[in-house]
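This chain uses plain numbering: 1 for the first residue, then up along the sequence.
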Amino acid sequence: MDVEQVLLLLVAALAAGWVDAVVGGGGLIQLPALLVAVPGQPVAAALATNKLGSIAGTTSAAVAYLRKAKPDTKVAVPAGVLAVACAAVGALCAAAISSAVLKPVIMIVLLAVAAIVVLKPDLGRAPRLVLRTRRRVAAAVLVPGVLIAFYDGLVGPGTGTFLVIAFTTILGMDFVNASATSKIINAGTNLGALAVFAAQGHVLWAIGLAMAVCNAAGAWLGARTAINRGAGFVRIVLLCVVGALVAKLAWEQFG
(Lines give C-alpha, C1' and ligand atoms only; values in the text may rest on other atoms or scores of the structure.)
Protein backbone atom coordinates (compact mmCIF):
# COMPACT_ATOMS: atom_id res chain seq x y z
CA MET A 1 0.00 0.00 0.00
CA ASP A 2 1.55 3.34 -1.06
CA VAL A 3 1.51 6.66 0.80
CA GLU A 4 -1.45 8.07 -1.17
CA GLN A 5 -3.62 5.07 -0.30
CA VAL A 6 -2.72 5.33 3.38
CA LEU A 7 -3.50 9.07 3.44
CA LEU A 8 -6.84 8.44 1.72
CA LEU A 9 -7.80 5.92 4.39
CA LEU A 10 -6.71 8.13 7.28
CA VAL A 11 -8.61 11.16 5.98
CA ALA A 12 -11.66 8.99 5.31
CA ALA A 13 -11.48 7.62 8.87
CA LEU A 14 -11.29 11.14 10.32
CA ALA A 15 -14.32 12.29 8.29
CA ALA A 16 -16.24 9.09 9.05
CA GLY A 17 -15.65 9.53 12.77
CA TRP A 18 -17.06 13.08 12.65
CA VAL A 19 -20.19 12.07 10.70
CA ASP A 20 -20.77 8.98 12.83
CA ALA A 21 -20.56 10.97 16.06
CA VAL A 22 -23.04 13.60 14.88
CA VAL A 23 -25.74 11.32 13.50
CA GLY A 24 -24.35 7.98 12.33
CA GLY A 25 -23.56 6.83 8.81
CA GLY A 26 -19.77 7.15 8.92
CA GLY A 27 -19.46 3.80 7.18
CA LEU A 28 -20.72 5.56 4.05
CA ILE A 29 -17.29 7.23 3.89
CA GLN A 30 -14.92 4.75 5.50
CA LEU A 31 -16.04 1.47 3.92
CA PRO A 32 -15.90 2.66 0.26
CA ALA A 33 -12.45 4.14 0.95
CA LEU A 34 -11.26 0.73 2.14
CA LEU A 35 -12.72 -1.00 -0.91
CA VAL A 36 -10.95 1.48 -3.21
CA ALA A 37 -7.60 1.68 -1.41
CA VAL A 38 -7.22 -2.07 -0.75
CA PRO A 39 -8.56 -3.61 -4.00
CA GLY A 40 -6.76 -6.94 -3.69
CA GLN A 41 -8.40 -7.92 -0.41
CA PRO A 42 -11.73 -9.74 -0.03
CA VAL A 43 -14.79 -7.68 0.94
CA ALA A 44 -14.78 -9.32 4.38
CA ALA A 45 -11.39 -7.68 5.07
CA ALA A 46 -12.81 -4.25 4.29
CA LEU A 47 -15.87 -4.90 6.50
CA ALA A 48 -13.70 -6.16 9.35
CA THR A 49 -11.18 -3.31 9.18
CA ASN A 50 -14.02 -0.81 8.99
CA LYS A 51 -15.34 -2.19 12.29
CA LEU A 52 -11.93 -1.78 13.92
CA GLY A 53 -11.86 1.89 12.98
CA SER A 54 -15.49 2.41 13.91
CA ILE A 55 -15.28 0.93 17.40
CA ALA A 56 -12.60 3.46 18.34
CA GLY A 57 -14.77 6.27 16.99
CA THR A 58 -17.99 5.23 18.71
CA THR A 59 -16.15 4.74 22.02
CA SER A 60 -14.52 8.17 21.73
CA ALA A 61 -17.86 9.79 20.90
CA ALA A 62 -19.58 8.01 23.78
CA VAL A 63 -17.01 9.39 26.23
CA ALA A 64 -17.33 12.91 24.78
CA TYR A 65 -21.14 12.80 25.00
CA LEU A 66 -21.06 11.46 28.56
CA ARG A 67 -19.26 14.61 29.67
CA LYS A 68 -21.63 17.10 28.03
CA ALA A 69 -24.93 15.48 26.99
CA LYS A 70 -27.39 13.18 28.77
CA PRO A 71 -27.34 9.65 27.35
CA ASP A 72 -30.00 7.41 28.87
CA THR A 73 -27.69 4.84 30.45
CA LYS A 74 -30.60 2.88 31.97
CA VAL A 75 -31.64 1.99 28.43
CA ALA A 76 -28.28 2.17 26.68
CA VAL A 77 -26.33 -0.20 28.94
CA PRO A 78 -28.67 -3.24 28.69
CA ALA A 79 -29.21 -2.53 24.99
CA GLY A 80 -25.43 -2.28 24.50
CA VAL A 81 -24.86 -5.65 26.19
CA LEU A 82 -27.49 -7.26 23.96
CA ALA A 83 -25.97 -5.50 20.95
CA VAL A 84 -22.61 -7.25 21.36
CA ALA A 85 -24.20 -10.69 21.03
CA CYS A 86 -26.75 -9.79 18.34
CA ALA A 87 -24.20 -8.02 16.13
CA ALA A 88 -21.94 -11.08 16.42
CA VAL A 89 -24.82 -13.28 15.22
CA GLY A 90 -25.41 -10.86 12.36
CA ALA A 91 -21.76 -11.02 11.34
CA LEU A 92 -21.90 -14.83 11.36
CA CYS A 93 -24.94 -14.69 9.07
CA ALA A 94 -23.45 -12.08 6.74
CA ALA A 95 -22.15 -14.57 4.19
CA ALA A 96 -25.47 -16.42 3.96
CA ILE A 97 -27.73 -13.54 2.88
CA SER A 98 -27.60 -11.89 -0.53
CA SER A 99 -27.02 -8.14 -0.57
CA ALA A 100 -29.28 -7.98 -3.65
CA VAL A 101 -32.18 -8.88 -1.36
CA LEU A 102 -31.21 -6.58 1.48
CA LYS A 103 -30.37 -3.36 -0.36
CA PRO A 104 -33.90 -2.56 -1.62
CA VAL A 105 -35.26 -3.17 1.88
CA ILE A 106 -32.65 -0.86 3.41
CA MET A 107 -33.47 1.86 0.85
CA ILE A 108 -37.16 1.68 1.71
CA VAL A 109 -36.41 1.94 5.43
CA LEU A 110 -34.07 4.91 4.88
CA LEU A 111 -36.64 6.70 2.74
CA ALA A 112 -39.19 6.13 5.51
CA VAL A 113 -36.71 7.66 7.99
CA ALA A 114 -36.26 10.71 5.74
CA ALA A 115 -40.04 11.06 5.35
CA ILE A 116 -40.55 10.98 9.12
CA VAL A 117 -37.90 13.66 9.70
CA VAL A 118 -39.25 15.92 6.90
CA LEU A 119 -42.95 15.51 7.70
CA LYS A 120 -42.38 15.97 11.44
CA PRO A 121 -40.12 19.04 11.62
CA ASP A 122 -40.33 19.16 15.41
CA LEU A 123 -39.07 15.58 15.79
CA GLY A 124 -35.84 15.60 17.75
CA ARG A 125 -35.60 19.39 18.09
CA ALA A 126 -36.48 19.21 21.77
CA PRO A 127 -37.29 16.39 24.18
CA ARG A 128 -40.92 15.19 24.11
CA LEU A 129 -42.69 14.09 27.25
CA VAL A 130 -43.65 10.43 26.84
CA LEU A 131 -45.05 8.04 29.41
CA ARG A 132 -42.29 5.52 30.09
CA THR A 133 -44.31 2.36 30.37
CA ARG A 134 -42.58 -0.99 30.73
CA ARG A 135 -43.54 -1.84 27.16
CA ARG A 136 -42.02 1.38 25.81
CA VAL A 137 -38.78 0.94 27.76
CA ALA A 138 -38.57 -2.70 26.65
CA ALA A 139 -38.97 -1.56 23.03
CA ALA A 140 -36.22 1.04 23.53
CA VAL A 141 -33.88 -1.75 24.67
CA LEU A 142 -34.88 -4.52 22.26
CA VAL A 143 -35.21 -2.58 18.98
CA PRO A 144 -31.67 -1.10 19.16
CA GLY A 145 -30.08 -3.97 21.12
CA VAL A 146 -31.46 -6.82 19.03
CA LEU A 147 -32.88 -5.74 15.66
CA ILE A 148 -30.57 -2.85 14.79
CA ALA A 149 -27.54 -4.60 16.30
CA PHE A 150 -28.20 -7.71 14.20
CA TYR A 151 -28.51 -5.49 11.12
CA ASP A 152 -25.17 -3.80 11.91
CA GLY A 153 -23.37 -7.13 12.09
CA LEU A 154 -25.11 -8.31 8.94
CA VAL A 155 -24.74 -5.24 6.70
CA GLY A 156 -23.97 -2.01 8.55
CA PRO A 157 -24.78 1.17 6.56
CA GLY A 158 -26.99 3.59 8.46
CA THR A 159 -26.87 1.82 11.83
CA GLY A 160 -26.17 5.00 13.80
CA THR A 161 -28.95 6.81 11.94
CA PHE A 162 -31.45 4.04 12.73
CA LEU A 163 -30.44 4.17 16.40
CA VAL A 164 -30.99 7.94 16.59
CA ILE A 165 -34.44 7.67 15.01
CA ALA A 166 -35.35 4.78 17.33
CA PHE A 167 -34.62 6.82 20.44
CA THR A 168 -36.34 9.97 19.21
CA THR A 169 -39.52 8.10 18.27
CA ILE A 170 -39.71 5.58 21.13
CA LEU A 171 -38.49 7.69 24.05
CA GLY A 172 -39.04 11.23 22.77
CA MET A 173 -35.37 12.25 23.01
CA ASP A 174 -33.96 15.22 21.13
CA PHE A 175 -31.41 14.45 18.43
CA VAL A 176 -28.37 15.34 20.57
CA ASN A 177 -29.29 13.07 23.48
CA ALA A 178 -30.42 10.36 21.06
CA SER A 179 -27.00 10.53 19.38
CA ALA A 180 -25.32 10.34 22.78
CA THR A 181 -27.34 7.27 23.78
CA SER A 182 -26.90 5.58 20.43
CA LYS A 183 -23.10 5.70 20.67
CA ILE A 184 -23.13 3.30 23.63
CA ILE A 185 -25.14 0.73 21.65
CA ASN A 186 -23.10 1.35 18.51
CA ALA A 187 -19.90 0.60 20.41
CA GLY A 188 -21.47 -2.73 21.38
CA THR A 189 -22.49 -3.59 17.82
CA ASN A 190 -19.01 -2.81 16.53
CA LEU A 191 -17.43 -4.92 19.28
CA GLY A 192 -19.63 -7.94 18.55
CA ALA A 193 -19.06 -7.84 14.79
CA LEU A 194 -15.33 -7.15 15.18
CA ALA A 195 -14.91 -10.16 17.48
CA VAL A 196 -16.35 -12.45 14.81
CA PHE A 197 -14.34 -10.92 11.97
CA ALA A 198 -11.14 -11.05 14.04
CA ALA A 199 -11.71 -14.72 14.90
CA GLN A 200 -12.12 -15.41 11.19
CA GLY A 201 -8.82 -13.64 10.44
CA HIS A 202 -10.24 -10.87 8.25
CA VAL A 203 -8.93 -7.75 10.07
CA LEU A 204 -6.07 -5.76 8.49
CA TRP A 205 -4.60 -4.75 11.84
CA ALA A 206 -1.85 -2.31 10.82
CA ILE A 207 -3.95 0.06 8.72
CA GLY A 208 -7.00 -0.62 10.87
CA LEU A 209 -5.30 0.62 14.05
CA ALA A 210 -4.07 3.76 12.29
CA MET A 211 -7.60 4.39 11.02
CA ALA A 212 -8.93 3.79 14.53
CA VAL A 213 -6.84 6.69 15.87
CA CYS A 214 -8.14 9.04 13.15
CA ASN A 215 -11.72 7.82 13.55
CA ALA A 216 -11.55 8.44 17.30
CA ALA A 217 -10.23 11.97 16.74
CA GLY A 218 -12.99 12.72 14.23
CA ALA A 219 -15.62 11.29 16.55
CA TRP A 220 -14.44 13.45 19.44
CA LEU A 221 -14.73 16.56 17.25
CA GLY A 222 -18.10 15.43 15.91
CA ALA A 223 -19.58 14.89 19.36
CA ARG A 224 -18.45 18.35 20.47
CA THR A 225 -19.89 19.87 17.28
CA ALA A 226 -23.27 18.20 17.84
CA ILE A 227 -23.37 19.35 21.47
CA ASN A 228 -22.41 22.93 20.61
CA ARG A 229 -24.58 23.32 17.49
CA GLY A 230 -27.67 21.59 18.87
CA ALA A 231 -30.51 19.43 17.56
CA GLY A 232 -31.32 21.61 14.54
CA PHE A 233 -27.83 21.10 13.13
CA VAL A 234 -28.00 17.35 13.79
CA ARG A 235 -31.34 17.20 11.93
CA ILE A 236 -29.76 18.75 8.81
CA VAL A 237 -26.80 16.36 8.92
CA LEU A 238 -29.22 13.46 9.44
CA LEU A 239 -31.14 14.29 6.26
CA CYS A 240 -27.90 14.70 4.28
CA VAL A 241 -26.57 11.34 5.49
CA VAL A 242 -29.86 9.55 4.75
CA GLY A 243 -29.93 11.04 1.25
CA ALA A 244 -26.34 9.99 0.62
CA LEU A 245 -26.99 6.46 1.90
CA VAL A 246 -30.04 6.05 -0.33
CA ALA A 247 -28.12 7.37 -3.35
CA LYS A 248 -25.20 5.02 -2.68
CA LEU A 249 -27.42 1.96 -2.28
CA ALA A 250 -29.49 2.89 -5.34
CA TRP A 251 -26.33 3.23 -7.43
CA GLU A 252 -25.04 -0.15 -6.26
CA GLN A 253 -28.42 -1.77 -6.97
CA PHE A 254 -29.43 -0.14 -10.24
CA GLY A 255 -26.43 1.84 -11.51
With sequence neighbours excluded, tell me which residues meet side-chain contact (heavy atoms from CB on, under 4.5 Å) with V6. M1, L10, I207

Validation row: D174, R128 side chains within 4.5 angstrom (heavy atoms): no

Which heavy atom of G208 sits nearest to which heavy atom of T49, and what is that distance? CA-CG2, 3.6 Å

Return the minimal non-hydrogen interatomic distance between A21 and A223, and the atom names on each side. CB-N, 3.6 Å

Rounded to the nearest 0.5 Å, what separates atom CG in N177 from atom OH in Y65? 9.5 Å

For V234 and A226 the tightest heavy-atom approach is CG2-CB, 3.9 Å

Is it the case that one hydrophobic cluster holds both V81 and V84, taking links as side-chain heavy atoms less than 4.5 Å apart, direct or via other members? no

Could you go step by step and tell me if M173 and D72 meet the side-chain contact (heavy atoms from CB on, under 4.5 Å) rule? CA-CA 9 Å; M173 294 181 183; D72 191 328; 3.4 Å; yes

ILVMFWY cluster, I148 and V242 together (side-chain gap under 4.5 Å): yes

Could you tell me whether the side chain of L209 reaches within less than 4.5 Å of the side chain of V213, counting heavy atoms only? no

Can you check whether L171's main-chain N or O pairs, donor with acceptor, with R136's side chain at less than 3.5 Å? no

Working to the nearest 0.5 Å, report the span between CG of D20 and NZ of K183. 5.5 Å

Nearest 0.5 Å please: distance from the CZ atom of F162 over to the OG atom of S182. 13.0 Å

Point-to-point distance, once rounded to the nearest 0.5 Å, from CD1 of I29 to CG of L34: 12.5 Å

Minimum side-chain heavy-atom gap L14-Q30 below 4.5 Å: no

Using distance alone, with no hydrogens and no angle criterion, decide if N186 and T58 have a side-chain donor and acceptor under 3.5 Å apart. no

Find out whether L147 and Y151 are in side-chain contact, i.e. whether some heavy atom of one side chain is under 4.5 Å from a heavy atom of the other. no

Rounded to the nearest 0.5 angstrom, the CG-CG distance for L9 and N215 is 12.0 Å

A193 versus A87, closest heavy-atom pair with distance: N-CB, 4.0 Å

Co-membership, hydrophobic cluster, residues V63 and L163, 4.5 Å side-chain: no

Linked, directly or transitively: L191 and I184 (ILVMFWY side chains, under 4.5 Å): no

Could you report the tightest heavy-atom contact between I185 and A79, atom names first, then the distance? CG1-CB, 3.7 Å

Under the side-chain contact (heavy atoms from CB on, under 4.5 Å) rule, what do V75 and R132 come out as? Steps first, then yes or no, please. CA-CA 11 Å; V75 169; R132 289 207 170 194; 4.3 Å; yes

Would F150 and C93 count as a side-chain contact (heavy atoms from CB on, under 4.5 Å) here? Give the steps. CA-CA 9 Å; F150 177 80; C93 296; 4.2 Å; yes

Gap separating the CG atom of L194 from the CD1 atom of I55, nearest 0.5 angstrom: 5.5 Å

Do the side chains of V143 and L154 join up, straight or via other hydrophobic residues, at under 4.5 Å, putting them in one cluster? yes

State plainly whether the residues K51 and D152 are in salt-bridge range, i.e. N to O under 4.0 Å. yes

Would you say the side chain of T168 lies within less than 4.5 Å of the side chain of I165, judging by non-hydrogen atoms? yes

Counting heavy atoms not belonging to R229, are there more than 12 under 6.0 Å from its CZ? no

Between A76 and T181 the two heavy atoms that sit nearest each other are CB-CG2, 3.7 Å

Checking side chain to side chain contact (heavy atoms under 4.5 Å, CB included) against V241, which of V23, V164, I236 comes through? V23

Is a side-chain N or O of S60 found less than 3.5 angstrom from the main chain of A56, in a donor-acceptor match? no

